Amino acid sequence: MIKRMQSKEDIIKDQYMKTLTCFLQDSTLYDCLSINNQVSVIDQSFSLYDVFNVFIETHIDEVLFWNPDVAYYDGVFTQTDLIRIILKCYQNTINGIPNVWGNSKNQVQPIMEEEDEDRTSTPVTKTQAIGQEQINKLLIDLRTISVRDWFNSYGENLHQSSLVQADMADNLNDAMKKILKQGVTRIVVIDTESRVIVGILQQKDILAFLVKGFSQYFHLQLSQKSHKIEVRSENQQQSEQHELEIGYFSDTILQLNAKLPFDTNVYDVFYKLIYVFKRNAIPIVDINNQYLGLIDRRDFLFILKYQVYDMLNRQAIDLLNFIRIEKSKYAGFCICNKELFHMKQTVKEVVENLLLSSRGSLVCLNDNKEPISTLQMSDLFKICLDDIEIE
C-alpha cells in the first residue's frame with residue numbers, strides 16, 4: 001500500500017499539534033484563571049425571575065446552585081437552561097397548562113420528555129399569539145416559582161448538570177481531555193488544599209490563554225535549543241505554525257452549515273438552536289439565501305430584559321432588527337465586534353476574532369454573500385485539539 005506523501009500543510013499541522021500539546025502540558029489551570037472566572041452562587045429557593053435577573057444584570061454565562069442541606073454546590077445553571085424554561089413556560093401559558101404541578105394524584109405531571117434532534121418543534125402560529133393577560137400570568141409564575149420547585153415538578157433534579165471538576169494544579173492538557181471526553185464547555189476549578197471552588201473555566205478562557213501565551217511559548221522553546229543547526233532547521237517550521245490556514249480543516253468546517261430563513265418564528269429559532277442544531281448561534285438568510293445576520297442564545301436575554309415576550313411569536317428578521325437597534329446605542333460596539341471569517345485566514349487569526357466576537361461565533365460567506373459555515377468556540381476547540389488522545 002502506497003503511503004500518501006505529507007504536504008507542507010500536513011507537516012506544519014503536525015508540528016503545530018506537537019507544540020500545542022507541550023504548551024498545554026506545561027501550563028496549569030491556575031495559569032488560566034482570571035478575575036473574570038469568579039463563581040456566581042445562588043440558592044435553590046430563588047425564584048425563576050430572580051435567577052434570570054442575575055444573568056441580565058451581571059452578564060454571566062452560568063451560576064452554581066448552593067444546597068444548604070449538604071452545605072455545598074449542587075449543580076450548574078446555564079443560559080441554555082434559562083431558555084429551556086422560558087420556552088416551556090411560554091407554551092404552557094398559551095395552552096393553559098400549569099407551569100408547576102402539585103403532588104395530588106390528579107395533578108401529577110409526567111416527567112418531561114428529553115427533546116432530541118429528530119423531534120420537530122411545535123410552531124407558535126398567529127392564532128397562538130400571547131396576549132397581555134397571558135403575559136401577566138407568565139410573569140406571576142416566574143416571580144413565584146422557585147428553581148427547586150420547577151425542577152422537582154418536572155421530575156428532574158439539579159444534579160443533571162453535573163459539575164465536571166479539576167484541580168487548579170492540573171495541567172491544561174489533562175483538563176482538555178476531560179472536557180472533550182465529558183462533552184462539556186466548562187470545567188469547575190478546585191483549590192488544591194481547601195477543595196473550595198475557585199473559578200469556572202470555559203473553552204473561550206482557554207482559547208484566550210492560548211492566544212496570549214502560545215506564540216511566546218514556542219519562540220522560547222526555540223531559544224532554549226542547544227544545537228544551532230537544529231535550531232536553524234526547525235526555526236522555519238516553527239515560524240510557519242501560525243501561518244496554518246483555517247481552510248486546512250475545510251472538510252470539517254463546511255459541514256457546519258445550518259441556517260434559517262428570515263420568516264422563521266422566533267420561538268422556533270431558539271427551539272431549534274437548542275434541540276435540533278445544538279448550536280450557540282444560527283445565521284438568518286433572506287429569500288435569496290443571502291446573509292442577514294446572526295441570532296445566538298444570548299440574544300434571548302434581550303427578550304427577558306425588556307419583557308417583550310410577544311417577540312417569540314414574531315419573525316426572526318424582527319428580532320434581528322430589534323437587536324441592531326439596541327446594540328447601536330453602545331458606542332464602539334461595531335468597532336470591536338467581529339462576525340465574519342474566510343478560509344484564507346490563519347487559525348490564529350480566526351481564534352483571535354472569535355474572542356472579539358460578541359456572539360462567540362463567526363460566519364463564512366461565499367462570493368454570493370451566502371453563509372456556508374458558522375464557527376463557534378467549541379468547533380475551534382475540537383479542531384485545534386483534535387489530535388489529543390482521550391483516554
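The structure displayed is predicted, hence computed values, not measured ones.
Using modelled atom types, no side-chain atom of E326 and backbone atom of I323 make a donor-acceptor pair closer than 3.5 Å. A donor-acceptor pair under 3.5 Å is formed between the side chain of D167 and the backbone N or O of A169. Between the K338 side chain and the L355 main chain, no donor and acceptor come within less than 3.5 Å of each other. A donor-acceptor contact shorter than 3.5 Å is absent between the side chain of D268 and the backbone of N265. Of the possible polar contacts, one joining the D31 side chain to the T28 backbone as a donor-acceptor pair under 3.5 Å is found. A donor-acceptor pair under 3.5 Å is formed between the side chain of T93 and the backbone N or O of C89. Here the side chain of Q255 pairs no donor or acceptor atom with the backbone of T252 at under 3.5 angstrom.
A continuous path of Ile, Leu, Val, Met, Phe, Trp and Tyr side chains, each step under 4.5 Å between heavy atoms, connects V41 with V188, placing both in one hydrophobic cluster. Hydrophobic clustering (ILVMFWY, side-chain heavy atoms < 4.5 Å, transitive): I287 and I317 are in one cluster. Hydrophobic cluster membership is shared by L254 and Y248, with clusters built from Ile, Leu, Val, Met, Phe, Trp and Tyr side chains linked at under 4.5 angstrom. Taken together through direct or relayed side-chain contacts under 4.5 Å among Ile, Leu, Val, Met, Phe, Trp and Tyr, W150 and I140 form parts of separate hydrophobic clusters. V285 and L260 are not part of a single hydrophobic cluster, where members link through side-chain heavy atoms under 4.5 Å apart.
Aromatic pair F209/F23: centroids less than 6.0 angstrom apart. Note: Y90 and Y309 fail the aromatic proximity criterion, with ring centroids not under 6.0 Å apart.
Once rounded to the nearest 0.5 Å, the distance linking CG of L142 with CG of N53 reads 10.0 Å. For the atom pair CG (L273) and CG (D299), the distance works out to 9.5 Å, reported to the nearest 0.5 Å. Remark: L375 CG to L380 CG distance equals 5.5 Å, nearest 0.5 Å. Here the straight-line distance linking atom CG of D174 with atom CD of Q25 works out to 7.5 Å at 0.5 Å rounding. Once rounded to the nearest 0.5 Å, the distance linking CG of D296 with CG of L301 reads 9.0 Å. Here the CE-CG distance, from M377 to D205, works out to 9.0 Å after rounding to the nearest 0.5 Å.
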May I have the step-by-step check of side-chain contact (heavy atoms from CB on, under 4.5 Å) for I295 and L319, ending in yes or no?
CA-CA 8 Å; I295 291 179; L319 179 58; 3.9 Å; yes

Apply side-chain contact (heavy atoms from CB on, under 4.5 Å) to residues V308 and D310 and explain how you reach the verdict.
CA-CA 5 Å; V308 285; D310 60 322; 3.9 Å; yes

Dump the intermediate steps for side-chain contact (heavy atoms from CB on, under 4.5 Å) on V266 and D318, then the final yes or no.
CA-CA 9 Å; V266 172; D318 295 324; 5.8 Å; no

side-chain contact (heavy atoms from CB on, under 4.5 Å), that's the test. Do T192 and M168 meet it? Break it down for me.
CA-CA 6 Å; T192 307; M168 68 179 185; 3.9 Å; yes

Go through it in stages, so that I can follow the logic: the residues are K369 and D286, the test is salt bridge (charged side-chain N to carboxylate O under 4.0 Å, His left out), and I'd like the CA-CA distance, side-chain angles, deciding distance and then a yes or no.
CA-CA 11 Å; K369 305 299 181 184; D286 64 14; over 6 Å; no

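Remark: D367 pairs with no residue by the side-chain contact (heavy atoms from CB on, under 4.5 Å) rule, at least two apart or across chains. Partners of D43 by side-chain contact (heavy atoms from CB on, under 4.5 Å), not counting sequence neighbours, listed by chain and number: S45, F46, W66, P68. Here T80 pairs with T78, R84, I274, R297 under the side-chain contact (heavy atoms from CB on, under 4.5 Å) rule; sequence neighbours left out.
Taking 4.5 Å as the limit, every side-chain heavy atom of I190 sits out of range of all side-chain heavy atoms of V198. In this structure the side chain of I303 reaches within 4.5 angstrom of the side chain of L312, judged on heavy atoms. Looking only at side-chain heavy atoms (C-beta outward), R279 and L256 come within less than 4.5 Å of each other. Put simply, the side chain of F249 does not reach to within 4.5 Å of the side chain of V350, judged on heavy atoms. The shortest distance between side-chain heavy atoms of F77 and I85 falls below 4.5 Å. Counting only heavy atoms from C-beta outward, the side chains of L64 and I200 approach each other to under 4.5 Å. V164 places none of its side-chain heavy atoms less than 4.5 Å from the side chain of I179. Between N257 and I372, every side-chain heavy-atom pair lies at or beyond the 4.5 Å cut-off.
Between N92 and P98, the closest heavy-atom pair is ND2-O, 4.0 Å. Taking both residues in full, the closest heavy atoms of I187 and A175 are given as CD1-O, 4.3 Å, listed atom of the first, atom of the second, then distance. The heavy-atom pair separating L24 from N171 by the smallest distance is O-CB, 3.8 Å. Between H342 and C364, the shortest heavy-atom contact is CA-SG, 4.2 Å. Shortest non-hydrogen contact noted between L33 and G199 is CD2-CA, 4.2 Å. The minimum heavy-atom distance between N289 and E370, with the atom names listed, is O-CG, 3.3 Å.
Salt bridge annotation for E352-K348: present, with a cationic side-chain nitrogen under 4.0 angstrom from a carboxylate oxygen.
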Hey, can you pull the donor-acceptor pairs under 3.5 Å for the side chains in residues 54-63, sequence neighbours left out?
residue	atom	partner	partner atom	Å
T58	OG1	V54	O	2.4
D61	OD2	Q202	NE2	3.1
D61	OD2	K204	NZ	2.9
E62	OE1	R186	NE	2.6
E62	OE1	R186	NH2	3.2
E62	OE1	Q202	NE2	2.9

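Shown here is E133, whose CD atom has no more than 12 heavy atoms of other residues, nucleotides or ligands within 6.0 Å. Surrounding CZ of F322 are more than 12 heavy atoms belonging to other residues, nucleotides or ligands, all under 6.0 Å away.
Considering D149, T144, D141 in turn, D141 is the only one that fulfils the side-chain hydrogen bond (donor to acceptor under 3.5 Å, both in side chains) rule with N99. Here the options are N313, I86, L87, the test is side-chain contact (heavy atoms from CB on, under 4.5 Å), and the partner is Y267; only L87 passes.
The hydrophobic cluster containing V196, built from Ile/Leu/Val/Met/Phe/Trp/Tyr side-chain heavy atoms closer than 4.5 Å, comprises no other residue. In the hydrophobic clustering, where aliphatic and aromatic side chains (Ile, Leu, Val, Met, Phe, Trp, Tyr) are joined below 4.5 Å either directly or transitively, Y291 groups with L294, L340, V363, L365.
Counted by atom type alone, N95 and Q91 present one or more donor-acceptor pairs between their side chains at under 3.5 Å.
Between Y271 and Y275, the ring-plane angle classifies as tilted under the 30° and 60° cut-offs.
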